[in-house]
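First the structure, in the form of structure tokens, and then the observations on it.
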Amino acid sequence: MTDRPVRTRYAPSPTGNPHVGNIRSALFSWAFARARGGQFVLRIEDTDRNRYVEGAVEAIMESLRWLGIDWDEGPDIGGPHGPYFQSERLPRYREAAELLMERGRAYRCFCTPERLDALRASQAAAKQPPGYDGLCLRIDPAESAARAKDEPHVIRFAMEREGVTVLHDVVRGEVVFENALQDDFVMLKSDGFPTYHLAVVVDDTAMAISHCIRGDEWISSAPKHIQLYEALGWEQPAWAHLPLILGPDHKKLSKRSGDTALLDYRERGYLPEAMLNFLAFLGWSLDDHTTIISAEELTRHFDLARVVPNPAVFDIERLNYLNGHYIRAMDEERWVRLVAEWADRGLPASIPRPLDEAVVRAAAPLLRERVTLLEEIPGLIAFLFTYDAPEYETALLAERVGDAATAVRVLDEALVRLDAIGESEWTTAAVEAALRGLEEPLGMKLRKFIPVLYVAVMGRPTGIPLFDSAAILGRERTLARLRAARARLG
RNA sequence: GGCGCAUUCGUCUAGUGGCCUAGGACACCGCCCUCUCAAGGCGGAGAUCAGGGGUUCGAAUCCCCUAUGCGCUACCA
């Protein structure tokens, strides 16, 4: 079962933007294949024409690429087991269905959706377990074939009803299912498309998938797949059902329990390595202390044996921490590029483009320790790109020092000292020296009065370091802002 | 309702009979550092291992029962 070469796959349906839970499954499948020197396949399960969403395939590939998950075979690059769209593999499913009919393990069902609905309703009313009642199973094969010519029908799999079906799961061990409780599920729909159950078995076999790694929501249908493998006489892959990822409400992560599309996180300024690191430890661990891991290390050490069985809550705080960590860890050039990109994207249109590269470059190192999400960048440096300080409440000037009179003294003294610095000597060090010199005459610590100047210069009492900011702004703009603040106080 | 899975600090987890008076990380609190805010350093609080029975010299680790949570129960995946 596991002595085959390792081949795993990620097989999403193109029904929208992939969610983080889904991508986590892709990540584990990929990491496992890479760790074992195997292959990773991307297959698109587009068997439900009603739920197909335009652009979803592109979004799936974009999501994987963003995290650096690469595939060896797939819809875009082809491969020896193509095609990789299930909608293009219809004959294979029909072939399998027919083989099963010949073997007496499948039958046509002519029941209408209405009858099925009514059946379910009456079963529910009678507190009976829902399931097909086998009406069409009793139709004579000859009659069935005749009716099939012009009557819409599906093909159902005849589940074994005696005994039990045992799932040997890599993460959960042995799971036993009572066959008497099973249902003759539809495997080929009336439109000729297969349902997931048939398609996954046919394709995983055709594509030589060695490990079926998927979310835990699939575990209840595992007996369907196992019986299909047995009826077809094919070798099962090793099974691994991954724990679900829960939202803050402790329910399976979905649209209603918060935003979950992977790419949304990119838009908000999360780094791919932070997301990958975060996802890697949702349901898996390397050892008793590692919390930071790179894609390279993950693909070297990942092992299904260390996947835990219990569901994990998606903790955004942890993701935020990791994002900050990777921002601080990246090399200087990349950081400058990111600052430029996000500033350009988020700064008001009133600021002329292209943005002053020297300012961006000077501000970048000041931003590094203060940014958690890239989207915070514009707000922190907008004041560097305008002549005047951003709008602010005048009262803010005096807030930290207690009273307006003190704020006035601070501004007056600062103006005198700063004004004494010549245009050519205007540097961070000079500004710092001048302002530190204020402690004496003002009779208070720098930390006590400096918030006044922060507000005057950047419109807020907090932000990137003031001395550097003043240096970047230049003598004229800095003095103008201090004078403007002084004027506000009368 | 039925079936299935799960249950260690608020959260992610370590732990496979003695190394556990349960370790790490995020978040939280305090101190230090400090031009604000952060970042960083140091320290703290936080889990009677869901509850109850067993087995054993000894259990978070093995067995049984209960509770709770979640998942599935479609011609969706």
Side-chain angles (χ1 to χ4, degrees), chain A residues 11-13 15 22 45-48 50-51 109 111-113 116-117 120 123-124 126-131 152-156 167 169 172 175-178 181-183 185-191 193-197 199-200 214-223 241 243-244 246 248 250-252 278 281-292 306 308-322 324-325 328 366-372 380 400 431-432 435-436 445-455 458 460-469:
Chain A
S13 20
T15 53
N22 223 272
E45 308 220 332
D46 55 344
T47 57
D48 186 347
N50 299 318
R51 296 209 308 158
C109 174
C111 293
T112 62
L116 263 15
D117 286 344
R120 258 191 297 277
Q123 284 167 334
K127 297 213 184 282
Q128 297 291 314
H153 62 275
V154 301
I155 295 177
R156 287 182 186 275
L167 162 68
D169 192 278
R172 276 154 228 285
V175 183
V176 180
F177 298 88
E178 206 67 52
L181 269 12
Q182 294 298 325
D183 189 23
F185 64 92
V186 172
M187 56 181 191
L188 207 61
K189 299 184 262 189
S190 56
D191 62 3
F193 278 65
T195 59
Y196 170 81
H197 308 302
V200 73
R214 68 211 328 188
D216 190 44
E217 69 265 28
W218 289 109
I219 201 166
S220 347
S221 42
H241 289 90
L244 294 177
L246 272 22
H250 285 226
K251 296 250 199 305
K252 181 178 158 186
F278 175 69
F281 288 114
L282 241 35
W284 177 81
S285 64
L286 176 62
D287 51 36
D288 64 346
H289 65 278
T290 303
T291 55
I292 299 295
R306 287 191 66 87
V308 297
N310 46 301
V313 174
F314 187 98
D315 180 16
I316 194 83
E317 295 286 0
R318 194 184 194 75
L319 212 207
N320 289 343
Y321 162 77
L322 289 169
H325 170 84
R328 276 165 253 129
L366 308 176
L367 247 16
R368 223 172 170 133
E369 285 159 5
R370 278 159 260 265
V371 172
T372 298
L380 284 166
R400 300 274 181 107
V431 170
E432 174 165 7
L435 295 181
R436 284 194 189 283
K445 290 290 189 185
L446 180 68
R447 62 189 328 127
K448 177 68 180 166
F449 66 78
I450 204 157
V452 176
L453 305 176
Y454 268 86
V455 175
M458 45 190 94
R460 302 195 308 204
T462 67
I464 60 175
L466 181 73
F467 308 147
D468 298 278
S469 297

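Below, chains carry the letters A, B, ... as their sequence lines are ordered, and counting in each starts from 1.
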query = Whole-Å distance between B/G10 C1' and A/I316 CD1?
reply = 16 Å
Quick one: which protein N/O atoms are closer than 3.5 Å to N/O atoms of nucleotides 5-9 of chain B? Pair and distance per line, please.
residue, atom, partner, partner atom, Å
B/C5, O2', A/R172, NH1, 2.7

key: Complement of B/C28, any strand, by Watson-Crick or G-U distances under 3.5 angstrom   = B/G44
ask   = With a 4.0 Å cut-off, would you call A/D216 and A/R172 a salt bridge?
value = yes
task = For A/Y196, enumerate each residue passing the side chain to side chain donor-acceptor pair (under 3.5 Å) test, keeping only those at least two apart in sequence or located in another chain.
result = A/R214
query = Taking atom C1' of B/C70 as reference, at what distance in whole Å does atom NE2 of A/H250 sit?
reply = 11 Å
query = Is there a donor-acceptor pair closer than 3.5 Å between any side-chain N or O of A/R306 and the backbone N or O of A/W284?
reply = no
key: Contact letters for nucleotides 72-77 of chain B, in which S counts primed atoms plus P, OP1 and OP2 and B counts the base, heavy atoms under 4.0 Å   = SSSBBB
inquiry  = Does A/R306 reach a base, just sugar-phosphate, or nothing at all? Heavy atoms under 4.0 Å.
reply    = sugar-phosphate
inquiry  = In whole Å, measure the gap between the C1' atoms of B/C5 and B/C9 for me.
reply    = 24 Å
inquiry  = How many whole angstroms separate atom CZ of A/F281 from atom C1' of B/C12?
reply    = 10 Å
Whole-Å distance separating the CZ atom of A/F278 from the P atom of B/A25 = 18 Å
message = Nearest whole Å is fine: how far is B/G24 P from A/R318 CZ?
response = 14 Å
task = In whole angstrom, give me the gap between the C1' atoms of B/U61 and B/A47.
result = 16 Å
key: Inter-nucleotide P distance (B/C20, B/A6), Å rounded   = 28 Å
query = Got a sec, which residues hit side chain to side chain donor-acceptor pair (under 3.5 Å) with A/S220, two or more places apart in sequence or on another chain?
reply = none
query = Looking only at atom types and distance, does a side-chain atom of A/T290 sit under 3.5 Å from a main-chain N or O of A/L286, one as donor and one as acceptor?
reply = no
request  = Using a cut-off of strictly less than 4.0 Å between a heavy atom of the residue and any atom of RNA chain B, enumerate the qualifying residues of residues 282-290 of chain A by number.
outcome  = A/L282, A/G283, A/S285, A/D287, A/D288, A/H289
ask   = What integer number of Å spans the C1' atoms of B/C33 and B/C26?
value = 23 Å
message = Any heavy-atom pair between the side chains of A/L435 and A/L453 that's under 4.5 Å?
response = yes
message = Taking B/G30 as the reference, what is the distance to B/U8 when you measure between their C1' atoms (whole Å, please)?
response = 27 Å
Write out a two-atom table: protein N or O, nucleotide N or O from nucleotides 45-47 of chain B, distance below 3.5 Å.
none

Show each protein N/O and nucleotides 36-43 of chain B N/O combination with a separation under 3.5 Å, one pair to a line.
residue, atom, partner, partner atom, Å
B/U36, OP1, A/R447, NH2, 2.8
B/U36, O2', A/P461, O, 3.0
B/U36, N1, A/Y454, OH, 3.2
B/U36, O2, A/G463, N, 2.7
B/U36, O2, A/G463, O, 3.1
B/U36, N3, A/Y454, OH, 3.1
B/U36, N3, A/G463, O, 2.6
B/U36, O4, A/R370, NH1, 3.2
B/U36, O4, A/P465, N, 3.3
B/C37, O2, A/R370, NH1, 3.2
B/C37, N3, A/R370, NH1, 2.4
B/C37, N4, A/R370, NH1, 3.4
B/A38, O2', A/E369, O, 2.4
B/A39, O4', A/E369, O, 3.3
B/A39, O3', A/R328, NH1, 3.1
B/G40, OP1, A/R328, NH1, 3.1

Non-neighbouring partners of A/R436 that pass salt bridge (charged side-chain N to carboxylate O under 4.0 Å, His left out), sequence neighbours left out = A/E432
message = My understanding is that a pair needs two contacts under 3.5 Å, Watson-Crick or G-U wobble. By that rule, which nucleotide pairs with B/C20?
response = none
query = Would a 4.5 Å heavy-atom cut-off, applied to side chains only, mark A/T372 and A/Y321 as touching?
reply = no
ask   = Separation of A/L322 atom CG from B/A27 atom C1', in whole Å?
value = 13 Å
ask   = Quantified in whole Å, what is the C1' atom distance between nucleotide B/A60 and nucleotide B/U48?
value = 11 Å
request  = Take atom CD of A/E432 and atom P of B/C35, then tell me their distance rounded to the nearest Å.
outcome  = 7 Å
ask   = With a 4.5 Å limit on heavy-atom distance, are the side chains of A/F177 and A/L181 in contact?
value = no
message = What is the distance, to the nearest angstrom, from the CG atom on A/L319 to the C1' atom on B/A25?
response = 14 Å
request  = For A/D169, enumerate each residue passing the salt bridge (charged side-chain N to carboxylate O under 4.0 Å, His left out) test, keeping only those at least two apart in sequence or located in another chain.
outcome  = none
Check: A/D287 side chain, A/H289 main-chain N or O, donor-acceptor pair, under 3.5 Å = yes
task = Kindly indicate whether the side chain of A/S190, heavy atoms from C-beta on, has any atom under 4.5 Å from the side chain of A/V154.
result = yes
query = In the strands shown, is B/C35 matched to any nucleotide by a Watson-Crick or G-U wobble pair with both distances under 3.5 Å, and which?
reply = none
key: Those residues that, when tested against A/R120, pass side chain to side chain donor-acceptor pair (under 3.5 Å) (two or more places apart)   = A/D117
inquiry  = Suppose we define a pair by two distances each less than 3.5 Å, Watson-Crick or G-U wobble; what does B/U56 pair with here?
reply    = none
request  = Return yes if some donor-acceptor pair links the side-chain N/O of A/K189 with the main-chain N/O of A/H153 below 3.5 Å, else return no.
outcome  = no
query = Across all strands, who's sitting opposite B/A14 as a Watson-Crick or G-U wobble pair, both distances under 3.5 Å?
reply = none
B/C29 versus B/G46 - spacing of their C1' atoms, nearest Å = 11 Å
Ionic contact status for A/R318 with A/D315, cut-off 4.0 Å = no
task = Give a yes or no answer on whether the side chain of A/Y454 reaches the backbone of A/G463 with a donor-acceptor pair at less than 3.5 Å.
result = no
Complementary nucleotide for B/C5 - Watson-Crick or wobble, under 3.5 Å = B/G69
request  = Could you pull out all residues at least two apart from A/R328 that satisfy salt bridge (charged side-chain N to carboxylate O under 4.0 Å, His left out)?
outcome  = none
ask   = A/V200 near the nucleic acid: base, sugar-phosphate alone, or nothing, with a heavy-atom cut-off under 4.0 Å?
value = nothing
inquiry  = Just to be sure I understand the rule, does A/D468 reach a base, reach only the sugar-phosphate, or reach nothing, if contact means heavy atoms closer than 4.0 Å?
reply    = base
ask   = Using atom C1' of each nucleotide, how far apart are B/G52 and B/C57 to the nearest Å?
value = 23 Å
task = With sequence neighbours left out, write down each residue that passes side chain to side chain donor-acceptor pair (under 3.5 Å) with A/D46, or none if nothing qualifies.
result = A/S87
